[in-house]
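The next block holds one structure in the form of structure tokens; read it before the comments.
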Amino acid sequence: MLRYIWFDLDETLYPPTSGLMSAVGKRMREYLEQEYALSPEQAHALQVRYWREHGTTLRGLMLERAIDPHHFLDYAHDVDVAQYLEPNPPLRAQLQQIPYRKVIVTNADVPHAERVLARLGIADQFQRVFDIEFFEYECKPARSAYERVLRALDARGDECLLIEDTARNLDTARELGIHTILLMHPPAPAQAPDAWLDPAAQNKPTECPATAELCMDDILQVNAAIATLASQTL
Ligand SMILES: [Mg+2]
């Protein structure tokens, strides 16, 4: 029996074309350039390596350079979300109709999540935000991140459904019995000038992967997708 819907935040509740994550990624590279006197190319290469080997830039920095995570997170997320996002009443209407409890499960931090949710006009739709600090910096797709959320909700995996735009975050969720829907944004017709710099953007699947029980291409399909999945598998 489904009880909880877990929503990823960034590029799930708003599209990549907003440019917000490009701006955050750029801030992360600037941090690397400034702190370690790197060229933009070196900073990008380091960011990609950290993303592949440790899941996030921050995790790589913590493990290999012992940095203060708060300093990094504050720096990276110091962007004006209002410049990139608009209130989204249709999304709010969709969320209001979902007959399950809703939480946010994000690799960003709570202050960033609160700013994004407030700007979209949907902050009151979520019972709780589980963030990178709650995960003790072992982010999605680490199995421990999902196990922490399950414990906090006192829920079994099959009582939860994760809605994500990052395919690699689904594998461990499925191992724990968590249901999965992948949001596959249609490829952008014209790439933003620095889109190539986002390692996550380079790893988007073109077909619905086996670890997703269902795929959709627009967050406004979320209600129909949940209903379909619920009727098929729950
Ligand atoms: Mg995401």
Side-chain angles (χ1 to χ4, degrees), residues 4-16 18 20-29 31-32 46-65 67-79 81 84-85 102-117 120 126 128-153 160-176 178 180-183 185 197-204 211-212 219:
Y4 288 97
I5 312 295
W6 300 6
F7 284 87
D8 170 51
L9 179 84
D10 290 306
E11 301 196 340
T12 290
L13 293 176
Y14 62 84
S18 70
L20 176 57
M21 286 317 282
S22 282
V24 170
K26 202 179 261 177
R27 293 283 297 169
M28 289 183 183
R29 282 191 299 284
Y31 177 97
L32 297 175
L46 190 62
Q47 199 178 18
V48 171
R49 183 170 72 74
Y50 283 163
W51 191 85
R52 290 216 177 97
E53 293 179 10
H54 302 298
T56 59
T57 304
L58 175 57
R59 189 79 185 139
L61 286 169
M62 289 177 69
L63 290 172
E64 296 191 14
R65 310 224 181 197
I67 63 145
D68 172 6
H70 295 108
H71 180 227
F72 174 82
L73 287 168
D74 289 348
Y75 188 98
H77 292 128
D78 186 15
V79 293
V81 297
Y84 302 95
L85 303 177
K102 295 161 295 213
V103 296
I104 298 288
V105 178
T106 176
N107 282 353
D109 64 2
V110 164
H112 171 76
E114 285 179 344
R115 286 192 294 270
V116 167
L117 296 173
L120 294 171
F126 300 94
R128 184 165 170 185
V129 174
F130 295 101
D131 77 334
I132 188 166
E133 279 201 62
F134 175 81
F135 302 145
E136 295 187 9
Y137 305 100
E138 284 181 42
C139 294
K140 299 180 289 182
R143 198 181 163 101
S144 62
Y146 297 128
E147 287 170 336
R148 282 175 203 274
V149 177
L150 289 174
R151 275 198 300 276
L153 297 175
C160 302
L161 162 61
L162 173 66
I163 300 178
E164 257 288 344
D165 70 301
T166 300
R168 74 168 184 171
N169 288 347
L170 302 181
D171 306 37
T172 34
R174 285 304 293 143
E175 284 169 25
L176 292 164
I178 298 163
T180 52
I181 293 178
L182 182 67
L183 186 54
H185 298 288
L197 288 169
D198 178 1
Q202 295 177 315
N203 285 274
K204 300 267 185 202
T211 49
I219 190 61

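Please read these numbers as outputs of a predicted model, since none were measured by experiment.
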List in chain and number order the residues that pass side chain to side chain contact (heavy atoms under 4.5 Å, CB included) with Arg128, two or more places apart in sequence or in another chain; answer none if no residue qualifies.
-> Val103, Phe130, Phe134, Ala152
Cys139 to Ala145 - nearest heavy-atom pair and separation | C-CB, 4.0 Å
Spatial distance of atom NE2 (His185) from atom OG1 (Thr12) [nearest 0.5 Å] = 6.0 Å
Evaluate side chain to side chain contact (heavy atoms under 4.5 Å, CB included) for Tyr146 paired with Glu175, printing each intermediate quantity in order.
-> CA-CA 10 Å; Tyr146 297 128; Glu175 284 169 25; over 6 Å; no
Report yes if some heavy atom in the side chain of Leu117 is under 4.5 Å from a heavy atom in the side chain of Leu9; otherwise report no.
-> yes
Side chain to side chain contact (heavy atoms under 4.5 Å, CB included) between Tyr14 and Tyr84: does it pass, once the steps are laid out?
-> CA-CA 10 Å; Tyr14 62 84; Tyr84 302 95; over 6 Å; no
Lys140 side chain vs Val105 backbone, donor-acceptor pair below 3.5 Å | yes
Is any side-chain heavy atom of Trp6 closer than 4.5 Å to a side-chain heavy atom of Leu153?
-> yes
4.5 Å side-chain heavy-atom contact, Thr211 and Glu164 = no
Does Arg115 have any salt bridge (Lys or Arg N to Asp or Glu O under 4.0 Å) partners at least two apart in sequence or in another chain, and if so, which?
-> none
Any side-chain heavy-atom pair from Ile67 and Leu58 closer than 4.5 angstrom?
-> yes
Parallel, tilted or perpendicular: which describes the rings of His112 and His77, with under 30° parallel and over 60° perpendicular?
-> parallel
Side chains of Glu133 and Val110: closer than 4.5 Å at any heavy-atom pair?
-> no
Are Arg59 and Tyr50 in a cation-pi setup, meaning NZ or CZ lies under 6.0 angstrom from the ring centre and within 45 degrees of the ring axis?
-> no
Any side-chain heavy atom of Tyr4 sitting closer than 4.5 Å to one from Val149?
-> no
Do Asp8 and Asn107 pass the side chain to side chain contact (heavy atoms under 4.5 Å, CB included) test, and can you show the C-alpha distance, the side-chain angles, and the key distance before you say yes or no?
-> CA-CA 8 Å; Asp8 170 51; Asn107 282 353; over 6 Å; no
Check the pair Met62 / Phe72 against side chain to side chain contact (heavy atoms under 4.5 Å, CB included), numbers first and verdict last.
-> CA-CA 10 Å; Met62 289 177 69; Phe72 174 82; over 6 Å; no
